[in-house]
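Residue numbers start from 1 in every chain, and the chains themselves are labelled A, B, ... in the order their sequence lines are given, proteins ahead of strands.
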Protein chains: 2
Amino acid sequence: MSTKPEIARSTSERLRESGLGSDISFLLARANALSVAAGNAALAPFGLKVRSFSVLALAAGDVRPTQRDLSEFLRLDPSQVVALIDELEKRGLVERRPDPADRRANVVVATDEGRALHTAASAATSAAERVLHGDVDEEDRRRLADLLGRIAYPR
Amino acid sequence: MSTKPEIARSTSERLRESGLGSDISFLLARANALSVAAGNAALAPFGLKVRSFSVLALAAGDVRPTQRDLSEFLRLDPSQVVALIDELEKRGLVERRPDPADRRANVVVATDEGRALHTAASAATSAAERVLHGDVDEEDRRRLADLLGRIAYPR
DNA sequence: TATTGTTATACTCTATAACTATA
DNA sequence: TATAGTTATAGAGTATAACAATA
């Protein structure tokens with residue numbers, strides 16, 4: 001048990017106040033690590049992780065992306081997308097359909113069951129996000145999303 | 001070659017506008033992926049990656065953290081810290097010194113050479129960060145750091 | 001000739017357990 | 001009895017190259 005004097009800052013506080021600890025890249029890495037951990041924990045009851053959830057989420061919308069689209073948007077190698085879709089398809093959550101515009105390509109769409117699971121899982125991740133962002137109110141969350149978007153989607 | 005009409009949004013634009021694409025957790029993951037990639041590229045000429053750079057940065061300050069401190073602050077397993085310090089120590093960039101307060105613990109400090117490399121590498125990562133944050137001005141960078149800090153360092 | 005999806009493979013990263021020396 | 005550092009190992013994540021079908 002540490003019984004340090006109140007006046008002295010702890011080592012972790014001092015590291016936080018050091019150069020690295022206030023670096024945007026480092027804060028980004030740390031915030032993301034916590035976010036992924038919280039997301040995976042919230043998704044575990046659904047048999048999903050943030051990776052497979054993001055594929056399911058995009059398949060559940062009306063965009064009808066090809067595997068190549070998913071690969072580029074999620075910044076995953078095409079071979080990783082194959083593995084993720086294999087797993088979701090085996091569980092009956094998504095389907096590969098031939099792209100009418102290009103017979104090489106598969107369009108990935110969620111099944112009814114997949115959309116239902118996505119809805120339930122979304123509620124869980126949103127709740128986990130609200131806990132993680134407990135210190136950030138709604139207006140600041142919008143501001144944060146805007147700022148992150150400018151970094152996440154460079155021109 | 002895709003010769004789509006200008007009026008139609010591309011698939012990636014439509015994915016971006018979908019639910020997931022504006023989710024803070026997803027934006028965080030995507031921004032961090034770009035940040036790590038840019039950081040590793042900027043650090044490659046120095047024989048460093050963001051991981052080893054962060055250890056060197058903390059060792060180059062005056063906090064004198066133990067390996068345990070580094071493990072907790074960087075959210076790395078103690079065994080990973082061992083490997084990172086082994087490598088940096090082999091290159092003469094950091095040293096393990098016995099903690100006078102606890103003979104089980106090692107304090108990690110940068111050598112003169114390590115501090116010099118840290119200074120040079122810091123300039124490179126700052127430059128890469130400015131490129132990545134090209135769309136975000138100084139005031140918004142401060143705001144972003146504040147918002148990220150509230151997520152990265154929960155109470 | 002180039003691209004989509006696929007398979008195989010290797011490499012990095014991360015997580016876990018067990019051990020030692022000190023506390 | 002618990003903690004700091006270490007070692008070993010296995011699992012997850014990532015990157016690369018080669019192939020068949022199609023553009």
Participant: Rounding to a whole Å, what distance do you find between N32(B):CG and dG13(D):C1'?
Facilitator: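 Rounded to whole Å, this separation is 14 Å.
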Participant: For a salt bridge (Lys or Arg N to Asp or Glu O under 4.0 Å) check, start with the C-alpha distance between E113(A) and R91(A), then their side-chain angles and the critical distance, and finish with the verdict.
Facilitator: CA-CA 9 Å; E113(A) 191 185 343; R91(A) 293 175 58 191; over 6 Å; no
Participant: In this structure, how many angstroms lie between the P atom of dG5(D) and the CD atom of E89(B), rounded?
Facilitator: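 From E89(B) CD to dG5(D) P: 13 Å.
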Participant: Remember a base hit wins even if backbone is also touched, and classify T66(A) as base, sugar-phosphate or nothing at under 4.0 Å, heavy atoms.
Facilitator: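 The answer is sugar-phosphate, as T66(A) gets under 4.0 Å only of primed atoms, P, OP1 or OP2.
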Participant: Indicate for each nucleotide in nucleotides 18-23 of chain C, in 5' to 3' sequence, whether protein heavy atoms under 4.0 Å reach the base (B), only the sugar-phosphate (S), or nothing (-).
Facilitator: ---BBS
Participant: Would you tabulate the nitrogen or oxygen pairs shorter than 3.5 Å linking the protein to nucleotides 6-8 of chain D?
Facilitator:
unit_1	atom_1	unit_2	atom_2	d
dT6(D)	OP1	R96(B)	NH1	3.0
dT6(D)	OP2	Q67(B)	OE1	3.0
dT6(D)	OP2	Q67(B)	NE2	2.6
dT6(D)	OP2	R96(B)	NH1	2.7

Participant: Mind calculating the distance between CG (D69(B)) and C1' (dT3(D)) to the nearest angstrom?
Facilitator: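 Those two atoms, CG and C1', are 13 Å apart.
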Participant: Tell me the interatomic distance from E72(A), atom CD, to dT4(C), atom C1', rounded to whole angstroms.
Facilitator: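 Rounding to the nearest Å, CD of E72(A) and C1' of dT4(C) are 11 Å apart.
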Participant: So, the side chain of S126(B) versus the backbone of S122(B): is there a donor-acceptor pair under 3.5 Å, distance only?
Facilitator: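 Looks like yes, one N/O pair under 3.5 Å.
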Participant: Run the numbers on D146(A) and R150(A) for salt bridge (Lys or Arg N to Asp or Glu O under 4.0 Å), then give the verdict.
Facilitator: CA-CA 7 Å; D146(A) 169 65; R150(A) 288 196 248 153; 3.2 Å; yes
Participant: Would you say the ring centroid of F53(A) lies under 6.0 angstrom from that of F26(B)?
Facilitator: no
Participant: When you measure from the centre of the six-membered ring of Y153(B), is the NZ or CZ of R16(A) under 6.0 Å away and within 45° of the axis?
Facilitator: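 Yes, R16(A) and Y153(B) form such a contact.
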Participant: Going by the rule salt bridge (charged side-chain N to carboxylate O under 4.0 Å, His left out), which residues pair with R143(A) if we only count those two or more places apart in sequence or in a different chain?
Facilitator: E139(A), D140(A)
Participant: I need the CZ-C1' distance between R75(A) and dG13(D), as an integer number of Å.
Facilitator: 15 Å
Participant: With respect to T11(B), which candidate in L70(A), D69(A), T66(A) satisfies the side chain to side chain contact (heavy atoms under 4.5 Å, CB included) definition?
Facilitator: D69(A)
Participant: Output yes when E129(A) and R141(A) qualify as a salt bridge under the 4.0 Å nitrogen-oxygen rule, no when they do not.
Facilitator: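 Judged by the 4.0 Å cut-off on N to carboxylate O distance, E129(A) and R141(A) do form a salt bridge.
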Participant: Tell me which residues in residues 40-51 of chain A lie within less than 4.0 Å of DNA chain D, going by non-hydrogen atoms.
Facilitator: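 Hits under 4.0 Å, by residue number: K49(A), R51(A).
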Participant: Please collect all salt bridge (charged side-chain N to carboxylate O under 4.0 Å, His left out) contacts where either partner lies in residues 20-43 of chain A, sequence neighbours excluded, each pair once.
Facilitator: none
Participant: Using whole Å, report how far CG of L76(B) lies from C1' of dT12(C).
Facilitator: 14 Å
Participant: What closest approach, in Å, do R14(A) and D62(B) show between heavy atoms, and which atom pair accounts for it?
Facilitator: NH2-O, 3.3 Å
Participant: How far apart are the closest heavy atoms of S10(A) and E13(A), and which atoms are they?
Facilitator: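 Here S10(A) and E13(A) meet closest at N-OE1, 2.9 Å.
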Participant: I'd like to know if the side chain of E89(B) reaches the main chain of R96(B), judged simply by a donor and an acceptor atom lying under 3.5 Å from each other, with no hydrogens or angles considered.
Facilitator: yes
Participant: Which pairs, protein N/O on one side and nucleotides 18-20 of chain D N/O on the other, fall under 3.5 Å?
Facilitator:
none

Participant: Is it true that a side-chain atom of R64(B) and a backbone atom of V107(B) form a donor plus acceptor pair closer than 3.5 Å?
Facilitator: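 Absent.
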